*Asks:* 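Encoded as structure tokens, here's the structure I'll be asking about.
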Amino acid sequence: MPNRNVRYGLAAIRGSTINREQNVLQANADLDDSEALTERQKAVLDAALRLLVEEGDNLTMTAVARRASCSKETLYKWFGDRDGLLTATVQWQASKVRVTAVDGKGLDLASLAASLERFASDWLRVISSDTSIALNRVAVGHAGSGKDNLGAVVLENGRFALAKRLKPVLEAGRRAGLLDFSDAETAFRTFFGLVARDVQIRLLLGDRLELTEAAIGGDAVRATQQFLALFGAKTGPQGL
């Protein structure tokens, strides 16, 4: 039987000596090091996400093993148990929201805007995907049932992890004289709200929004422009 007392998820694998393949999962909690996953492990997590869309809360290790053509023993070695597998799928899904690195010394308004737009468009693609909708529905259901801490896992590896990635970009913009804010968390929450609007809650409630690539790109640009209008330094460089 697997040890149920370990901390599950990709971050929990750090330091393990079970085997070489498991050690590949040593990554940061927010999966910025998702490239450390093998292609096989990514395929298993994608299979789990597809099953979440189809089965919802009925996801089982047996079903994942069957869909991914691997043994349950392998799943237990990599992820601990079902909760660990769910945690890993959350982290893997969140890793798809990328933040374009910025050069603090040579940062200008155009490169800052490009980084914000990339973040916004990636995030809109992720939250509007069938897999994220299914995963969030399961997490919401668990949050009110006391079954496990999946809701907290989604928050920690979703919204909170995204804040950790984007805040350094916002801070770099402030240091460069491009942004003016007193609190990075408040600035992040404002940008997050401008990007998300009511999209996620409508999707979770079954609204069939059609977020095409053109619509996502337009929304990302709009949210970035609105954010810069609110937090752009009035004395900084003007224009994109």
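Everything numeric here is computed off the predicted structure, so don't read it as measured data.
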*Asks:* With sequence neighbours left out, write down each residue that passes side-chain hydrogen bond (donor to acceptor under 3.5 Å, both in side chains) with D46, or none if nothing qualifies.
*Replies:* W92
*Asks:* Under the ring-ring contact (aromatic ring centres under 6.0 Å, His included) test, which residues partner F119, sequence neighbours left out?
*Replies:* none
*Asks:* Considering residues at least two apart in sequence or located in another chain, which fulfil the salt bridge (charged side-chain N to carboxylate O under 4.0 Å, His left out) criterion with E54?
*Replies:* R67
*Asks:* Using links of under 4.5 Å between side-chain heavy atoms of ILVMFWY residues, direct or through other members, which residues join F160 in one cluster?
*Replies:* L155
*Asks:* Of all residues at least two apart in sequence or in a different chain, which pass the side-chain hydrogen bond (donor to acceptor under 3.5 Å, both in side chains) check with R189?
*Replies:* none
*Asks:* If I compare all heavy atoms of A163 with all of P168, which pair ends up nearest, and what's the gap?
*Replies:* O-CD, 4.4 Å
*Asks:* So, Q41 side chain and T38 main chain: donor-acceptor pair closer than 3.5 Å or not?
*Replies:* yes
*Asks:* For R137, enumerate each residue passing the salt bridge (charged side-chain N to carboxylate O under 4.0 Å, His left out) test, keeping only those at least two apart in sequence or located in another chain.
*Replies:* none
*Asks:* Mind checking what makes ring-ring contact (aromatic ring centres under 6.0 Å, His included) contact with F181, not counting sequence neighbours?
*Replies:* none
*Asks:* What residues, two or more places apart in sequence or in another chain, satisfy side chain to side chain contact (heavy atoms under 4.5 Å, CB included) together with S182?
*Replies:* none
*Asks:* With R197, which residues qualify under salt bridge (charged side-chain N to carboxylate O under 4.0 Å, His left out), at least two apart?
*Replies:* D219
*Asks:* Quick one: side chain to side chain contact (heavy atoms under 4.5 Å, CB included) partners of S69, sequence neighbours excluded?
*Replies:* R40
*Asks:* L179 versus L112: any side-chain heavy-atom pair under 4.5 Å?
*Replies:* yes
*Asks:* Looking at E156 and K164, is there a salt bridge between them, counting it only when a charged N and a carboxylate O are closer than 4.0 Å?
*Replies:* yes
*Asks:* Same cluster for V221 and L124 if Ile/Leu/Val/Met/Phe/Trp/Tyr side chains link at under 4.5 Å?
*Replies:* no
*Asks:* Can I get a per-line list of side-chain donor-acceptor pairs under 3.5 Å for residues 200-210, giving both atom names and the distance, sequence neighbours left out?
*Replies:*
unit_1 : atom_1 : unit_2 : atom_2 : d
R202   : NE     : D207   : OD2    : 2.8
R202   : NH2    : D207   : OD2    : 2.8

*Asks:* Which value, rounded to the nearest 0.5 Å, describes the distance between T190 atom OG1 and F227 atom CZ?
*Replies:* 7.0 Å
*Asks:* Excluding sequence neighbours, so at least two apart, what forms side chain to side chain contact (heavy atoms under 4.5 Å, CB included) with T131?
*Replies:* L49, V53, Q93, S129
